[in-house]
Amino acid sequence: MYNGGMIPTKRVRILLSGRKPSVLAFSLEADFRLSGGEKMPRIVGKIVLLIGLLATVGVAGWAFSHALFDFTQKGAGVGLGRVFFFFLYLPTALCVLIGGVLLAFRDRVTENGVVKTGALVVSLLLLLVAAGFTMENVMNNIRYYGGEGALGVLIQNLFFDLPLLLLSGLLFYLSRLGRAK
Amino acid sequence: MVGIFRIEIFAKISIINMSAQKKQMLNSERMPKMNTKNKFLFFMLVAVMLTIQAAPAPVQVSAAQQGPSLRGYTVETISAEFRRLDHFVTFKGEYQVLDVAGARSAGIADVIITLAQDVVEYQNRMREVVKAQDVKDVEELDIPLTEYPLLAEFDAILQDYKPSGQVEPLAPDTHPCGTYSHPVPNYTPPRPYIGWYTNAHNTLVSWGFHQTAGYACGQDPFVPCELDYTRGRGYSGPYGYCSSPRFRDQGSRNAGNHDIWIQYGEPNPEIFSYSWPYWDWGWYVQWWHDTY
């Protein structure tokens with residue numbers, strides 16, 4: 001955490017918790033530095049959060065305009081649109097959104113056990129989905145297309161899974177925040 | 001042309017004969033008794049008339065003997081029909097065999113089947129000649145097309161054929177597999193009904209199809225499509241050849257597992273199971289399927 005570049009954050013907190021008259025002047029100075037140091041990430045976090053929200057709303061709007069949520073619609077175009085939405089656009093937007101939440105409301109997230117447990121479960125599920133999808137596609141390549149460029153297909157799928165893996169990693173990090181402290 | 005010309009001549013001769021006959025009748029009114037010379041002329045005229053009336057018959061016979069023609073077909077329609085014949089052509093040893101009965105039951109026109117037979121026979125003969133003469137280069141072969149009248153006609157059509165899409169083959173925004181500005185194909189391929197089969201699923205699988213990946217037909221991405229089938233293939237378009245399996249034939253069957261339809265040649269939507277020809281191919285395929 002940024003602390004003005006002078007005093008380690010933990011030490012500042014210790015100083016603030018047990019304010020002694022002898023160190024009052026020093027702690028006041030530290031308090032000032034702490035407030036300035038925490039403000040910046042929070043402001044940046046709120047901006048990132050806003051961008052993430054706008055991106056999420058944007059991709060959701062795109063999905064609605066392409067009738068991706070109308071599950072009675074079938075066909076290759078709609079199917080591929082859904083894959084792009086759930087594997088690429090939405091995870092990318094959610095990565096920005098969660099990054100913003102982590103920067104702006106880190107303390108609240110750290111204290112909320114339900115959010116952390118949920119994040120861990122979703123993180124593992126996303127990892128499973130990404131791994132399962134990649135494995136299935138590589139298997140299909142071997143089974144139906146004679147393994148033509150199987151390694152390329154694997155790399156291509158992993159590259160395509162990046163937003164999902166990144167989101168999974170971010171949620172996993174979020175779920176471990178309390179323990180890190 | 002020759003037939004019409006002949007008919008015109010015959011009509012003129014008939015009119016002349018009729019007028020001659022009329023004159024003769026008038027003369028006979030004037031002259032109640034016909035002399036031997038006139039009688040001879042009259043019988044000669046009747047004989048000539050009968051000959052003339054019998055003459056057009058050979059013209060009709062020759063028209064009937066002309067056989068089927070590719071009139072009304074274009075290179076594109078013939079190519080599309082040939083794609084429908086794909087699974088009716090099999091190999092028996094080294095030689096190709098066309099399942100004529102199967103093709104007929106699929107509703108393919110007789111003229112196309114006859115043309116396909118010509119092609120199959122010609123190719124089999126090529127193979128025989130290559131084997132017998134140990135020819136290395138197929139271009140060295142000189143097998144006349146005279147024995148294959150429909151193939152000769154198709155060859156003549158091909159000589160004059162200029163594909164409409166080849167006006168700018170080297171434009172920078174073209175690609176053999178297609179681009180947004182120059183999609184391949186730039187139309188919705190026809191989806192003909194192939195026929196009724198006792199087990200449509202097994203039939204499609206025996207033709208090289210597999211059940212399409214779930215995401216490529218708009219269903220659960222982890223469950224293969226039930227009624228939708230894919231057979232990977234390459235595609236020769238106006239900008240070159242796009243290698244297999246970037247294109248596909250899409251087979252579909254009804255829920256009763258009897259009726260089969262096949263759509264020949266479209267970008268393969270199983271985009272995660274093969275390497276892409278260029279970096280944004282996946283988005284292009286989605287766009288193509290949304291558009292056509």
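Chain identifiers are assigned alphabetically (A, B, ...) following the order of the sequence lines, protein sequences preceding nucleic acid strands; residue numbering begins at 1 within each chain.
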Exercise. Between A:L88 and chain B, which part of the residue has a heavy atom less than 4.5 Å away: side chain, backbone, both or neither?
Worked result: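 Answer is side chain: those atoms of A:L88 sit under 4.5 Å from chain B.
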Exercise. Which answer fits A:F86, side chain, backbone, both or neither, if we ask what part of it has an atom under 4.5 Å from a heavy atom of chain B?
Worked result: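 Neither part.
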Taking non-hydrogen atoms and a cut-off under 4.5 angstrom, which of [range] neighbour chain A?
range	answer
residues 185-213 of chain B	B:H210, B:A213
residues 279-292 of chain B	B:G282, B:W283, B:V285, B:Q286, B:H289, B:D290
residues 265-272 of chain B	B:N268, B:P269, B:E270, B:I271, B:F272

For this session: Quick one: list whatever passes side-chain hydrogen bond (donor to acceptor under 3.5 Å, both in side chains) with B:N254, sequence neighbours left out.
Result: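 If we apply the side-chain hydrogen bond (donor to acceptor under 3.5 Å, both in side chains) test to B:N254, skipping adjacent residues, the hits are B:D259.
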Mark yes when over 12 heavy atoms from residues, nucleotides or ligands other than [X] sit less than 6.0 Å from its [atom1]; otherwise mark no.
X	atom1	answer
A:Y173	OH	no
B:Y278	OH	yes
B:Y180	OH	yes

Problem set entry | Closest non-hydrogen atom pair between A:F133 and B:P221, with its separation |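 Scanning both residues completely, I find the closest heavy atoms to be CE1-CB, 4.1 Å.
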Exercise. So do the side chains of B:S275 and A:E148 get within less than 4.5 Å of each other, counting heavy atoms only?
Worked result: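 With C-beta onward as the side chain, the pair touches.
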For this session: Only one of A:N137, A:V153, A:I142, A:V138 passes side-chain contact (heavy atoms from CB on, under 4.5 Å) with B:S273; say which it is.
Result: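 That would be A:N137; it is the only one of A:N137, A:V153, A:I142, A:V138 passing the side-chain contact (heavy atoms from CB on, under 4.5 Å) with B:S273.
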For this session: For each of A:G149, A:A76, A:G81, tally heavy-atom pairs with chain B at distances under 4.5 Å, and name the one with the top tally.
Result: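 Among A:G149, A:A76, A:G81, the one with the most close pairs to chain B is A:A76.
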Exercise. Are the side chain of A:R82 and the backbone of B:Y215 linked by a donor-acceptor contact shorter than 3.5 Å?
Worked result: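 Here the side-chain-to-backbone pair does not exist.
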